[in-house]
There are 2 protein chains.
Amino acid sequence: MSEDDERARRELALLLRRLTVELDAVGQRFAQRHGLNRTDVRALVAIMDAARRGEELTAGRLGEAVELRSASVTALVDRLEKVGHLRRARDAEDRRRVVLQMSDSAMAAGAEHFGGLARDLSAAMEGYTPDELAVVRRFLVEMTDVIVAHARTPEPQE
Amino acid sequence: MSEDDERARRELALLLRRLTVELDAVGQRFAQRHGLNRTDVRALVAIMDAARRGEELTAGRLGEAVELRSASVTALVDRLEKVGHLRRARDAEDRRRVVLQMSDSAMAAGAEHFGGLARDLSAAMEGYTPDELAVVRRFLVEMTDVIVAHARTPEPQE
DNA sequence: TCGAAAGTCTCGATCATCGAGAGATTAGGT
DNA sequence: ACCTAATCTCTCGATGATCGAGACTTTCGA
């Protein structure tokens with residue numbers, strides 16, 4: 001393997017990092033625009049993702065999704081409910097549970113912001129052949145696997 | 001364009017998001033392992049990046065890098081200095097400035113954690129031809145451009 | 001039916017961040 | 001050489017996000 005190859009691979013790794021930074025900034029922008037913080041946005045996204053799967057999140061499941069303790073979830077839901085982005089509803093089947101229902105306006109705002117990005121990304125992908133997209137797909141899957149291994153694996157001892 | 005193409009593109013967008021989530025988790029893991037928070041890690045990474053460019057960061061520039069006000073930077077540097085990850089030094093040329101010098105141990109820990117990931121990513125990229133990597137590179141650059149446009153652009157009015 | 005478990009909430013404490021402003025140093029115009 | 005304005009960092013007090021401990025309600029299982 002040549003040094004140029006090595007440099008090219010290093011550059012790709014940096015591109016991946018840059019992409020994550022900028023994608024984070026998209027959420028950050030949504031947060032600022034709506035007077036929310038990072039956690040609030042993550043929560044709304046988690047609820048939207050669940051809704052797209054046809055599920056409703058309970059407070060507890062939301063806490064798992066955004067990695068917060070129950071006390072913090074209560075405060076989080078209080079914040080979002082106060083500004084009208086969602087409302088609590090007792091689960092009829094298990095009255096201990098609180099299911100979170102996103103308001104139509106919040107759902108629309110989220111779709112506007114993040115859906116618009118998805119559209120633009122999809123449009124930009126039209127400049128690639130199916131074979132090229134397949135290569136990209138394989139690349140992203142493999143890199144994600146490597147990253148996941150690093151995020152979950154114990155520090156190597158040497 | 002077929003529906004399969006559309007679905008493939010949507011899946012790629014989701015893969016990009018998943019990758020960012022997992023890459024974030026890598027930093028999160030470093031934070032937990034060293035008793036730091038997200039901001040602290042971002043700060044150390046910024047200082048390491050600068051060091052790789054042969055620069056030293058001042059308190060003010062670090063604040064720009066991690067988007068904190070000066071009061072918060074002072075607190076941040078206090079935290080990192082207290083645990084020995086860096087030390088303050090007055091800039092000899094401009095004595096208003098405080099230059100931040102990362103300790104060798106912190107630098108080593110960062111290189112271990114993030115450098116290891118970079119190595120593994122690079123190794124995983126050996127399974128691709130130069131042409132394939134060129135396609136991936138073009139893809140990442142273009143997608144990042146689209147994302148940046150979305151992070152900086154005003155909301156479209158419709 | 002009764003005790004344990006699950007789900008959420010309340011309360012008080014802790015910590016990260018900020019705005020306002022102080023203090024020190026440098027830059028620029030005269 | 002001055003003097004003012006600008007720059008850089010820090011201090012202080014306030015605000016807000018998060019947490020642990022524990023209370024309360026509801027469900028589950030023996």
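These figures come from a predicted structure and were not determined experimentally. Each chain gets a letter, A, B and so on, in the order its sequence line appears, and its residues count up from 1.
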Assess B:Arg17 against A:Phe114: is NZ or CZ under 6.0 Å from the centre of the six-membered ring, and within 45 degrees of the ring's axis?
no
Determine whether a donor-acceptor pair (N or O, by modelled atom type, separation under 3.5 Å) exists between the side chain of B:Glu81 and the backbone of B:Asp78.
no
Salt-bridge test for B:Asp24 and A:Arg38: reply yes if a basic N is under 4.0 Å from a carboxylate O, no otherwise.
yes
Considering only heavy side-chain atoms of B:Arg96, the closest of D:dC10, D:dT27, D:dA6 is D:dA6
Just the rounded figure in Å: distance from P of D:dA17 to CG of A:Asp78.
11 Å
Between A:Arg138 and B:Glu132, does at least one N-O distance fall below 4.0 Å, as a salt bridge requires?
yes
Nearest-Å distance for atom pair CG/P, residues A:Leu57 and C:dG7:
14 Å
Picking from D:dC10, C:dC18, D:dG20, the nucleotide nearest the side-chain atoms of A:Arg69 would be D:dG20
Taking for A:Asp91 and for A:Leu76 the nucleotide of DNA chain D with the nearest heavy atom, the one nearer the 5' end belongs to A:Leu76
Where do A:Val77 and A:Leu62 land on the side chain to side chain contact (heavy atoms under 4.5 Å, CB included) test, with the steps shown first?
CA-CA 10 Å; A:Val77 173; A:Leu62 175 62; 4.3 Å; yes
For D:dC10, take OP1 and OP2 only and decide whether either is under 4.0 Å from a side-chain N or O of B:Arg88.
yes
Choosing from D:dT26, D:dT9, C:dC18, which nucleotide comes nearest the side chain of A:Arg95?
D:dT26
Atom pair distance, as rounded to whole Å: CG in B:Leu68 and C1' in D:dT9:
14 Å
Lys/Arg N to Asp/Glu carboxylate O, A:Glu6 vs A:Arg10, below 4.0 Å:
yes
Would you mind reading off the distance between A:Glu93 atom CD and C:dA6 atom C1', rounded to a whole angstrom?
16 Å
Among the nucleotides C:dA16, D:dT9, C:dA6, whichever has the atom closest to the side chain of B:Thr39 is C:dA16
On DNA chain D, compare the nucleotides closest to A:Asn37 and A:Arg90; which residue's is nearer the 5' end?
A:Asn37
Taking 4.0 Å as the cut-off, does a side-chain nitrogen or oxygen of A:Arg79 come that near to OP1 or OP2 on D:dT18?
yes
How many Å lie between CG on B:Leu86 and P on D:dT9, as a whole number?
13 Å
Nearest heavy atom decides the nucleotide; on that basis, is B:Ala75 or B:Asp94 closer to the 5' end of DNA chain C?
B:Ala75
Regarding the side chain of A:Ala59, the nearest nucleotide among C:dT8, D:dT18, C:dA16 is C:dT8
Expressed in angstrom and rounded to an integer, what is the separation of B:Leu36 atom CG from C:dC15 atom P?
14 Å
Of the listed nucleotides (D:dT27, C:dA16, D:dG20), which one gets closest to any side-chain atom of A:Ala71?
D:dG20
Rounded distance in Å - CZ (A:Arg61) to C1' (C:dT8)
15 Å
Would you say C:dC9 has OP1 or OP2 under 4.0 Å from some side-chain N or O of A:Thr74?
yes
With respect to the phosphate group of C:dC18, does any side-chain polar atom (N or O) of B:Ser72 fall under 4.0 Å of OP1 or OP2?
yes
Taking atom C1' of C:dA16 as reference, at what distance in whole Å does atom CZ of A:Arg38 sit?
14 Å
